[in-house]
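Following: one structure in structure tokens, then a few remarks.
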Amino acid sequence: MTFILETRQLCKQFGGVHALRPFDFKISPGEIRALIGPNGAGKTTFLNLLSGIYTPTDGDILFKGQQITKIKPHVVTRLGVGRTFQTVKPFGKLSVLENVMLGYDCRAEKGIFHILIKSSSAKQEEEETKEKARKALGFVGMLDKQNMIITSLPYGQQRLVDLARALVHDPDLLLLDEPAAGMTRQEGSDLVACIRRIRDLGITVLLVEHNMRLVMDVSDRITVLDFGYLIAEGIPEEIRSNPKVIEAYLGKKTNDAIN
Amino acid sequence: MQQLTQLIVNGLTMGCIYALIALGFVLIYRTVGVINFAQGELVMLAAYFGVTAISIGLSLIWAYVFVIAAMAIFGYLFQWMIYYPLRGKPFITIIISTIGVSIILQNLARIIWGPAPLMFPSFFSLKPLNIGGVLVQPQNIFVFVVTVVLFSLVYLLLSKTMIGHKMQAVAQDPETAKLMGIKVDQVVAGVFVLNSILAGAAGLLLAPIFLVTLDMGSSVLMKSFSASIIGGFGSVPGAIVGGLFLGVVEILGARYISSHFKDGIAFVVLLLVLLIIPKGLFGERVNERS
Amino acid sequence: MHKKILIAALILGMVLTACGPAVQEQTTQEIPTEQPTQLAATESTQATTEPTQAATVPDTIKIGFVAPLTTANALMGWSMQQGAQLAAQEINDAGGINGVPLELIIEDNSNTADVAVNAINRVLSENPVALILGSTSAQTLAMEPIILENTLPTIIMGSSPSLTDQGNPWVFATRADDGFAATAAVKFAVEDLGAKKVGIFHAAEEFGTSVAPIIISALAEYGLEPAAVVSAPSTDKDYSAQLLELQAADVDVILVWVLPAPGILLARQMKQLGMDTPVVANPVFGLSQVLVLMTPEELAGIYSMTDCVPSQSTDEKILAFVQAYKDRTGTTPDLFGALSYDSVKLFADVITQVGTDLAAIQAGLFAVTGWPGVCHNYSFDAKGRGGYDISTVDISTGTLKVVGTVSK
Amino acid sequence: MGRYGRYIPWIILGCTILLFPLRTSNYYLQIACLAGIYIILIIGYDFILGWAGLLSLSHAAFYGIGAYTSALLSVNFSIPFWVTLPAAAIVAGLFGLVVGFPTLRLRGHYLALGTLAFGEIVVLVLMRWRAVTRGVDGVTGIVPASFGLFVFDNNKSYYYLLIFFILILAIFARRIHQSRFGRALIAIRTAEVTAEVSGIDTNRIKLLAFILSAVYAGIAGSLYAYLFRYISPETFGLHQSITILTMLLIGGGGSIGGSVLGAILLSFLPEWLRFLKDYYLLLYGVGIVLMMAFMPDGVIGLAKKIISKIKFRLPLRRNV
């Protein structure tokens, strides 16, 4: 097993629209990989395919050498894939800590009867979940906000909580969908540090991002998609100077300029 | 064979009735994403308005006009007093409110018109026509014709006119519709008025067949729901196909399986459709709002 | 979280205190009338034979009345309420019961068992000495344990045999049970109409469904089996499937047990399907509100088994009742108006004789023999059933023509 | 408030509830008992509507299944109360599993109508399957509930029995609400996809909520059968499901307090309105419409709003 994640001829169509053309993708363990491309390039579709939200039209996904092509999202998560979302939908009725605990609940084993009788093992499990969640919150630097209602936090901080939720169950692969969106410059650079620390834990990171400064700063390798096609892949320096990439961005006159 | 034909003819008549009542809440559902539990009571109210119109000496034609006008006003008031204050609230809140309205209308009608069944005349004699051995009521043919006409009109209105497109836009996404310059409130009010008029038409058509009773609308409401789901919820052609299908299946089931389970047939068919083809026969689905 | 519960607690407290004053009001109202009934209740448990007048004379004598005044059976409940109120008015105009005015405590049961039980408890909190129930069997059965517990003499107008088969000595029925009516209907169908192939059409609700087996066993007495048995829920509007099944079975008489609106639709749809099979029905076609809605064609060939037809009577007292009822309501009294009127008058008579002691009223009712009411001459048997007359009426002419009577 | 100050309203409330039967007539006691049964029903229904955010209209059917299980076991086999009650819970729960499994794939109005159809079919079976359910006549002769030598044969004792069950079931419900299941339900309701990607088996959790609500309904049904000692199919029809739905919405979904308030308020409201005679149901309908217009989040929601208006500090923190 040389690759933690591998896709073979993975494609997705919605009706007649090709959201993702047959796509071969490989990512090595411990890598930080960025997936970039203009709007509508198929990046989020790709993440949704990986995390099981969409079923591919064709092709295979292998995670740690295991087929996960038609597996439901929660199983994919349990196998060790963490995921954050482009637009955070925090669970508003829950506190920050509970939002994160939710990510670890899939590791819980004690059934409903333990909870009804408040058995000591259930209590212990709940404590363990809380401990894990606090640790994850501490990791993203949000431990002091643990008892707040999540919707009362600024957007950038909500994203960090979402990140903690995706990390709490000790994934091997973390999918980040535009983690820096809505963040201040300071928060963004904190995030870069955070992503590096995540990699240092031995977690492979795949991120989709529009903020090129962040992408160039943090990633080991970059993959570029356009209209569902793979147009380039390589280390940041190569991508920066790749004419196809420049054309894809500037030709489209999108707001995101490469700097 | 002759009996089978007779059964199918009668089943189609009931089917028209299910479809007519279904049409109204398909409209409401499409536009504001809410099931109107007071739909049956609107039908009943129209019939009682009709009785009153006749009793104050109006001719049948003018009674029809009176009822349609009264229902249009009522539809506007309904929208203004019940829906408008709750717009934007979860659909379930509005559903409860329509349940409240149905209780109000049931009891109001009982207090005003009394609990006894009443009569409402028809344009036609009660003598059945014999068409190749099959007996058909002139009123039933009338119901069939009016149903088809109303369905066609509503279908054309929705798919071919500007108003229809506005309604579609409101149904899809009221916020965007507002940004596009559509006066959402007016469109919604219009839909409620139209719905009320359709319920009024249903009431006027059913009254001579069913008598005017307090339960005349509510007793077929659930079947109409089922019909619209079977046809594909939110779809206008689906409502009529679902209604006719249900009417025929129900009558054949009652005749050839057992009349003792007649009421269950609609619900068994509904469950089967939901589980096998959840989109209904006409898989036109409006996005769920919650 | 605690705050949330605290808020809930406060509101709950408010709700409970809101019902607090109502309770207080209740108890203060109860005080003057409570004593005699309590006295009566203790006496009744001791089963005293000599009826004693209560020590203090109450302001009013209260009779409870629970009927479906709203929802599905509101028509029946309305007739009952009119009849009962007419009787009460007549009694009070004539000076009350031994000089004490009669008061009816009228409550609606919403046609459901839960509300019926609430209604009877509401009535009981006013300490009535008797109770009249105009409820369907399911509701009556739900109330019977409470009647037994409170030893309250109760007159019901239900005809389901199960109502008087519960072994409850406080329940009296002013109508023959369905067994009696069904037998009479079968007798008429077979003997008078010469039926060979009988079809049965009954309402899918409790009152129709429970009659079907009784009709079938009555037919068996004549060595007949029903050619077809069909049913329809009262909310159903189209009976062609059922009627065509009867037609296919080639029946020569249809026995029908349905509610008013379905009865009219049934008669109409038969004619629309070209069926002129004679129909022998439950009292539904004896109701004046039903007759006025039917055309002469629809009326043809329909017979109804009814307890009584006050408007066709020659008895002056009964005609006076018919007139008074007409003056009051604008309609001819039907079976339920008459039964309800009789129930109030009967209670009043018994209370006049034996006083307000509950056990004495019970004994008084059992002792009734041939009490002449506007609907029946009442004598109660051991089960508490009275009023064993059934008339067959021919409605072809638009009026109720009695063509035969069966008595026990 | 002193250290124990916050317990004062609780003590007052507890005393009011416990002493209520001693101060009231049998009439109010009966309504209170029925309200108690509704409380259990609605706490259960809250799992599916308030917590999972799914509109189901078959709750009355599970209530009926519970009532019939208990009643038939009691009448046919003379099985005592403390066996028939869990039996009712189990049978209703099994039906919840069987019904929930296929229907929970449906969403929104479709789920509502699918469950509605199931509910209507149950009532029809109760009415027509005479040999087992005794058909439309209903089941009479249910022996009173008893525990040891103590027989709960009057409303007063039954009231306390109900309080016992309400307490137990409310505590259970609260434990579930605050456990990972509660979190999962909230997550599913707010953002189903995020919940799924967080590792929550949403189908399983929804099914669990459905079964739990059916179990609560089964217990409520059993308690209903022993309160009235007579049951008939008509009690468990669609109108009952709608009553339950209305109670929860009026009380305010998502909280036990809301369930309790809704059940109590709508049990007493029509009875309070009885003095209006002919107009009472009319006014009841008006009441429902007004309540929905002025407190769309239920009594609980309104109370919170009022309290926040008078500058009470709203609980920004949620104690875990």
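Order of the sequence lines sets the chain letters (A, B, ...), proteins ahead of strands, with each chain counted from 1. We use all heavy atoms of the structure for the numbers below, so side chains are in, but hydrogens, waters and symmetry mates are not. This structure is a prediction, so every number in the text was calculated from the model and none was measured.
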Is B/Leu108 in contact with chain D via its backbone, its side chain, both, or neither, using a 4.5 Å heavy-atom distance? both

Measure distances from B/Leu274 to the heavy atoms of chain D and classify the residue's part below 4.5 Å as side chain, backbone, both or neither. both

For B/Lys262, check salt bridge (charged side-chain N to carboxylate O under 4.0 Å, His left out) against everything at least two apart and list the hits. C/Asp236

Any ion pair linking B/Lys89 and D/Asp297 (charged N to carboxylate O, less than 4.0 Å)? no

Determine, stepwise, if the pair B/Asn195 / B/Gln39 fulfils side chain to side chain donor-acceptor pair (under 3.5 Å). CA-CA 9 Å; B/Asn195 167 58; B/Gln39 193 70 21; 2.8 Å; yes

May I ask you to decide whether D/Arg274 forms a salt bridge with D/Glu271, counting only side-chain N to carboxylate O separations under 4.0 Å? yes

More than 12 heavy atoms from other groups under 6.0 Å of CZ on B/Phe267: yes

Among B/Ile229, B/Ile92, B/Asp263, who wins on heavy-atom pairs under 4.5 Å with chain D? B/Ile92

Count the heavy atoms of every other residue, nucleotide or ligand shown that sit under 6.0 Å from CZ of B/Phe261, and state whether that count exceeds 12. yes

D/Leu249 versus chain B, heavy atoms under 4.5 Å apart: side chain, backbone, both or neither? side chain

Let me know if B/Val269 has heavy atoms under 4.5 Å from chain D in its side chain, its backbone, both or neither. neither

When the 4.5 angstrom heavy-atom criterion is applied to D/Leu238 and chain B, the contacting part is side chain

To the nearest 0.5 Å, atom SG of B/Cys16 lies from atom CD1 of B/Ile240 at 6.0 Å

Taking only residues two or more places apart in sequence or in another chain, which ones pass side-chain contact (heavy atoms from CB on, under 4.5 Å) with D/Ser198? A/Leu102, A/Arg165, D/Thr194

Flag the one option from B/Val273, B/Ile35, B/Leu86 with the top tally of heavy-atom pairs under 4.5 Å to chain D. B/Ile35

Chain D contact via B/Phe37 - which portion, at a heavy-atom distance below 4.5 Å: side chain

Please classify the contact of D/Tyr280 with chain B as side chain, backbone, both or neither, using a heavy-atom distance under 4.5 Å. neither

With a 4.5 angstrom heavy-atom cut-off, could you sort out which part of B/Ile111 is near chain D: side chain, backbone, both or neither? side chain

Residue among D/Ile288, D/Val123, D/Leu113 with most heavy-atom pairs under 4.5 Å to chain B: D/Leu113

Part of B/Ile94 within contact of chain D (heavy atom distance under 4.5 Å): neither

Please flag which part of B/Met81 lies under 4.5 Å from any non-hydrogen atom of chain D: side chain, backbone, both or neither. neither

Distance in Å, D/Phe294 CZ paired with D/Leu302 CG, rounded so as to fall on 0.5 Å steps: 11.0 Å

Proximal component of B/Ile82, with respect to chain D [non-hydrogen, under 4.5 Å]: side chain

Only pairs of heavy atoms separated by less than 4.5 Å count here; which of D/Thr103, D/Leu49, D/Leu281, D/Leu106 has the most with chain B? D/Leu281

Using modelled atom types only, decide if a donor and an acceptor are shared between the side chain of B/Ser196 and the backbone of B/Phe192 within a distance under 3.5 Å. no

